[in-house]
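Naming convention: chains lettered A, B, ... in sequence-line order (proteins, then strands); numbering from 1 in each chain.
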Protein chains: 2
Amino acid sequence: MKPGSKLPNELALAKMYGVSRIPIRQALAQLDQDGLIRREHGRGTFIAKDFQRPPVVKLTGITGWEVALGTKHHFLAEETVPASGQLAEFFELAPGATLTRFRRLRVVEGAPFCIINYMPNALAKRVNRTDLQANTMLDILVKKLRIPLGKMQQSIQAIAADTEIAGHLDIEVMRPVLLIENYTRDRRGRPMLYSQSFYRGNQSKYLVELQNGSGRKGMAAVR
Amino acid sequence: MKPGSKLPNELALAKMYGVSRIPIRQALAQLDQDGLIRREHGRGTFIAKDFQRPPVVKLTGITGWEVALGTKHHFLAEETVPASGQLAEFFELAPGATLTRFRRLRVVEGAPFCIINYMPNALAKRVNRTDLQANTMLDILVKKLRIPLGKMQQSIQAIAADTEIAGHLDIEVMRPVLLIENYTRDRRGRPMLYSQSFYRGNQSKYLVELQNGSGRKGMAAVR
DNA sequence: CAGTGGTCTAGACCACCAA
DNA sequence: TGGTGGTCTAGACCACTGA
């Protein structure tokens, strides 16, 4: 299918696939959300142009549901640490309770980034240590531990590298670093995982596509 | 409604409001996406807990469809500039063509941030200069020029402040700065606006809520 | 005006969950 | 097992677009 070409209309698609309009509309809505097609009221549905993605300096990884495969993780440490105020709040823990922390390094296309995962001790016990070398923690939760995940909140900020992070990322201290924090809950809303990922500032971009719509639905906010 | 309390089921709501299940489901899907309710297959629909939002250091502004009101913009400059390679590509311009650039400062809760907007000259001519002092460019496009907007792509990165940005943000050179780039198109996919916003690194977080779902739908990726 | 996507009705069946 | 949300059928009407 060529960019800009028009798809058959919904009724035609429904007949083609022998279903009614509703599943067709759901599928098209999905494709629309994924940016593969563009729907125009009164005109039709079109294959999306190969949007000139803002040219990215360099790929360094993926955060979210999908996961870059084939990249190895270098295991740094596993520790049991007291939950600080914020984390105790997120994990709904009593003050003084502890969490398990995993620290890992990962290299994608030559650029290293550092990942720190915090999870409840009971959950951490179920993690197979060898899985940590080839999977993201989200993958482990979903595919290995079979935990259906729900919403995930991320926050992105620019910080200055401290000595430890600078060492891991192989940059100078005080250089800008992109820090992505991730608060993950299961389908019932129970806290499962908190992670921090540190990326080299000059080699990473976080891309967001905001919803179409005429006023509502901004999914992201800077605070 | 108290957090965690259960809503009537869909059929009941449909009868209450005298509509069928479909609009009820659409409304609930919207509330779900906005994080106000949580839907659980086989159990019911519940008012969302007041999720302990990861405590934000400080609010500095909002990017997206919605807009912080009542904050003034300090107009810095309006210029006609040649479109660089990337921008020419986004705006589908011939090499050598020009764009209009507006530079403004904005202060929210004591923290300044700097906004640079690029737009086609023809569009820029339609912008009322006095509107620039109290509205975001998105607001101007939507509310003043009545341009229905479509998708918006944002990229977030951590950069080091150069002398100019450092001056505007009142920080030291080389300190980390959050740069948010925004590629805005109208409903037909035509390029309308490109903007850069610079925020103090230590006072700004970009928040993203990723979709629920069991595998698909990651809306954001780090590249 | 005809054709399109957006929304709706009034049902139906399935998948999941808790008791 | 009964109740829930998830999905579907087979229609209908409306709102927007372009000729």
To the nearest Å, how far apart are [X] [atom1] and [N] [atom2]?
X       : N      : atom1 : atom2 : result
A:Gln30 : D:dT7  : CD    : P     : 11 Å
A:Glu10 : C:dT7  : CD    : C1'   : 11 Å
A:Asp32 : C:dT4  : CG    : P     : 18 Å
A:Leu13 : C:dG3  : CG    : C1'   : 15 Å
B:Ile37 : D:dG5  : CD1   : C1'   : 11 Å
B:Leu11 : C:dA12 : CG    : P     : 12 Å
A:Phe46 : D:dT17 : CZ    : P     : 12 Å

| field | From A:Asp186, A:Leu193, A:Leu138, residue fulfilling side chain to side chain contact (heavy atoms under 4.5 Å, CB included) relative to A:Ile147 | value |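 Of the listed options, the one satisfying the test is A:Asp186.
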| request: May I ask you to say whether B:Arg25 pairs ionically with B:Glu10, meaning some side-chain N is under 4.0 Å from a carboxylate O? | output: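 Salt bridge present between B:Arg25 and B:Glu10.
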| Considering residues, nucleotides and ligands other than B:Arg146, do more than 12 of their heavy atoms fall under 6.0 Å from its CZ? |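 Counting neighbours around CZ of B:Arg146, 12 or fewer heavy atoms of other residues, nucleotides or ligands fall under 6.0 Å, so no.
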| query | In this structure, are over 12 heavy atoms from other groups packed under 6.0 Å from A:Tyr17 atom OH? | reply |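 Not more than 12 within 6.0 Å, no.
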Can you find a side chain N or O atom of [X] that sits less than 4.0 Å from OP1 or OP2 on [N]?
X        : N      : result
B:Asn9   : D:dT4  : yes
A:Arg38  : C:dG5  : no
A:Thr45  : C:dT4  : no
B:Arg43  : C:dA19 : no
A:Arg187 : D:dG5  : no

| So, does the side chain of A:Arg21 form a donor-acceptor pair with the base of C:dT7 at under 3.5 Å? |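 Result: at least one qualifying N/O pair found.
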| request: Would you mind telling me which of D:dT9, C:dG5, D:dG6 lies closest to the side-chain atoms of B:His41? | output: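 My answer, after comparing the listed nucleotides, is D:dG6.
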| task | Report the nucleotide, chosen from C:dT4, C:dT9, C:dG6, that has the shortest atom-to-atom distance to any side-chain atom of A:Arg39. | result |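 The answer is C:dG6.
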| Closest-nucleotide 5' rank along DNA chain D - winner of A:Gln26 and B:Leu28 |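 Closer to the 5' end of DNA chain D: B:Leu28.
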| field | Nearest-nucleotide comparison on DNA chain C, the residue closer to the 5′ end among A:Arg188 and B:Ile22 | value |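 Its nucleotide being nearer the 5' end, the pick is B:Ile22.
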| Starting at the 5' end of DNA chain C, which residue's closest nucleotide do you reach first, A:Lys6 or A:Arg25? |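 Result of the comparison: A:Lys6.
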| task | Dump the intermediate steps for ring-ring contact (aromatic ring centres under 6.0 Å, His included) on B:Tyr183 and B:Phe90, then the final yes or no. | result | CA-CA 8 Å; B:Tyr183 296 82; B:Phe90 171 69; 5.0 Å; yes
